[in-house]
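Residues take their numbers from the sequence shown, with the count starting at 1.
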Amino acid sequence: MSVLQQASMAMETFGMMLKSCLLIMFVLVLSLQVLPSLCYTSFVFGDSLVDAGNNDYLFSLSKADSPPYGIDFTPSGGQPTGRFTNGRTISDILDEALGAKSFPLPYLAPTTKPEAFLRGLNYASGASGILDKTGSLFIGRIPLREQVDSFEQSRSHMVNMIGEKATMELLKKAMFSITTGSNDMLNYIQPLIPFFGDDKISATMLQDFMVSNLTIQLKRLHKLGARKLIVVGVGPLGCIPFVRAINLLPSGECAVEVNEMVRGYNKKLNRVLDHLNQEMGPETIFVYANSYDIVMGIIQNHHEYGFVNAGDPCCGGYLPPFICFKGPNANTSSVLCDDRSKYVFWDAYHPTEAANRIMARKLLNGDESISYPINIGNLYNYKP
């Protein structure tokens with residue numbers, strides 16, 4: 001073989017190697033670009049504020065499976081998905097902002113397969129609470145304790161699929177959010193709902209029961225592998241349309257005693273989370289999400305946020321039975337506001353997507369007065 005032929009073959013070999021290296025580099029760069037969305041995992045626990053459709057699969061009086069619920073939820077084409085709002089819940093918005101390409105599926109949906117655990121699951125249930133008996137008048141609902149039971153079952157399936165070590169690696173990077181407590185208090189303040197038998201406990205005792213039971217479930221989640229936990233405080237229930245209506249309050253006023261009870265609970269919860277952070281060290285962070293101050297700020301300064309109404313529900317009206325429903329014609333349908341983006345409340349209990357977007361933005365980027373000890377954006381990037 002001549003020197004010229006040898007040189008030609010060498011150049012050809014070098015060219016093939018260069019192409020291979022360039023291809024590998026391209027694949028690596030591409031993988032780095034999509035890695036955040038592939039790795040993002042979120043587990044959602046709570047009540048109707050974050051339910052993604054679990055109650056659709058229960059015999060329950062608490063459902064959001066008919067129009068106009070979901071009217072602004074783009075992935076479903078405006079059809080109801082079981083979310084108790086017109087569009088995305090606050091957990092949906094947070095997940096999107098942190099890189100999720102799809103929302104955690106409802107745990108009870110028949111189409112949800114075990115491998116969905118890799119991207120996270122939604123265990124939340126409308127009408128549920130921290131205490132097992134909360135929401136019993138609605139019949140079907142999944143209390144927080146049972147939601148954690150379901151997560152434990154999901155975790156067992158995942159261990160069988162990928163092993164204990166890989167499961168723990170996934171869970172220590174995953175985001176866990178717990179949004180509950182509102183229904184426990186709403187049940188307590190409603191005059192027609194018996195609570196703990198004939199002898200109603202004090203508000204202080206209720207707060208203590210809620211905090212102690214929630215702490216048990218948070219410790220269970222930690223034992224099962226959760227390391228990044230967002231615990232959402234209860235919002236200003238005294239200002240939601242339902243509570244204002246049953247207390248016959250005029251426009252612009254909130255139920256002061258109800259809000260005082262909520263603040264007392266939130267203060268105790270914040271103190272317990274601070275203790276858990278000290279107890280469990282730097283590898284675990286419990287973030288207290290101060291929904292009370294965020295929502296109160298939106299209500300009090302609603303015009304600054306672009307809202308025209310911070311007291312009435314967009315759908316269902318201001319008087320009992322507070323039903324948000326779209327019938328075959330206008331005579332059989334609930335009242336529906338003209339511009340959903342201008343209302344803080346979607347129905348008598350739940351915020352609109354517009355309000356959820358503001359809350360999510362503040363939780364992602366806020367200071368310690370909003371998210372303590374760090375905001376949710378920093379929690380996602382946290383590496384002990």
Side-chain angles (χ1 to χ4, degrees), residues 30-57 63-65 69-126 142 147 150-151 153-155 157-158 161-162 166-167 169-179 221 225-230 232 289 346 350-354 356-357 359-361 363-364 376-377 379-381:
L30 185 62
S31 66
L32 286 172
Q33 289 177 338
V34 300
L35 186 60
S37 62
L38 288 177
C39 290
Y40 185 78
T41 305
S42 170
F43 297 99
V44 181
F45 304 83
D47 53 33
S48 57
L49 291 171
V50 290
D51 188 350
N54 283 305
N55 276 26
D56 286 0
Y57 306 99
K63 292 192 178 189
D65 58 351
Y69 285 95
I71 190 171
D72 297 309
F73 191 72
T74 304
S76 69
Q79 295 302 307
T81 62
R83 288 168 169 82
F84 288 76
T85 184
N86 59 306
R88 293 170 297 168
T89 66
I90 189 169
S91 62
D92 292 333
I93 297 166
L94 286 171
D95 286 344
E96 278 188 332
L98 294 173
K101 297 301 181 185
S102 60
F103 303 122
L105 297 172
Y107 172 75
L108 290 183
T111 54
T112 299
K113 298 180 180 179
E115 56 267 26
F117 189 89
L118 291 169
R119 288 189 178 273
L121 288 169
N122 185 307
Y123 300 89
S125 172
I142 311 167
Q147 293 178 33
S150 296
F151 171 75
Q153 293 176 14
S154 299
R155 187 191 186 283
H157 290 310
M158 189 51 49
M161 289 175 62
I162 64 175
T167 299
E169 280 296 311
L170 182 146
L171 293 178
K172 78 177 185 180
K173 297 175 183 176
M175 301 286 278
F176 288 74
S177 64
I178 302 94
T179 307
L221 287 172
R227 296 295 179 265
K228 299 180 179 183
L229 300 98
I230 305 158
V232 183
W346 163 245
H350 307 98
T352 57
E353 181 184 295
N356 283 334
R357 285 200 303 268
M359 287 186 272
R361 184 171 68 246
L363 290 172
L364 277 170
I376 292 176
L379 178 67
Y380 173 64
N381 294 310

key: Between T85 and R83, a side-chain donor and acceptor under 3.5 Å   = no
query = To the nearest 0.5 Å, what is the distance between OH (Y107) and CD (Q153)?
reply = 4.0 Å
inquiry  = Could you check whether S125 and N55, counting side-chain N and O atoms only, form a donor-acceptor pair closer than 3.5 Å?
reply    = yes
query = Quick one: does N54's side chain have a donor or acceptor within less than 3.5 Å of a partner on A124's backbone?
reply = yes
query = Which heavy-atom pair separates P104 from S42 by the least distance, and what is that distance?
reply = CG-O, 3.6 Å
key: Backbone of D51 reached by a side-chain donor or acceptor of S48 within 3.5 Å   = no
task = Nearest 0.5 Å please: distance from the CD1 atom of I90 over to the CE atom of M359.
result = 5.0 Å
task = Check whether any side-chain N or O of T41 sits under 3.5 Å from a backbone N or O of G120 as a donor-acceptor pair, and report yes or no.
result = no
ask   = Counting distance only, does the side-chain N/O of T112 pair as donor-acceptor with the main-chain N or O of L108 below 3.5 Å?
value = no
task = Would you sort out whether T89 and F103 count as a side-chain contact (heavy atoms from CB on, under 4.5 Å), showing the intermediate values?
result = CA-CA 10 Å; T89 66; F103 303 122; over 6 Å; no
query = Would you find a donor on one side and an acceptor on the other, under 3.5 Å apart, between the side chain of D65 and the backbone of D56?
reply = no
query = Quick check: does any side chain N or O of N356 sit under 3.5 Å from a backbone N or O of R88, one acting as donor and the other as acceptor?
reply = yes
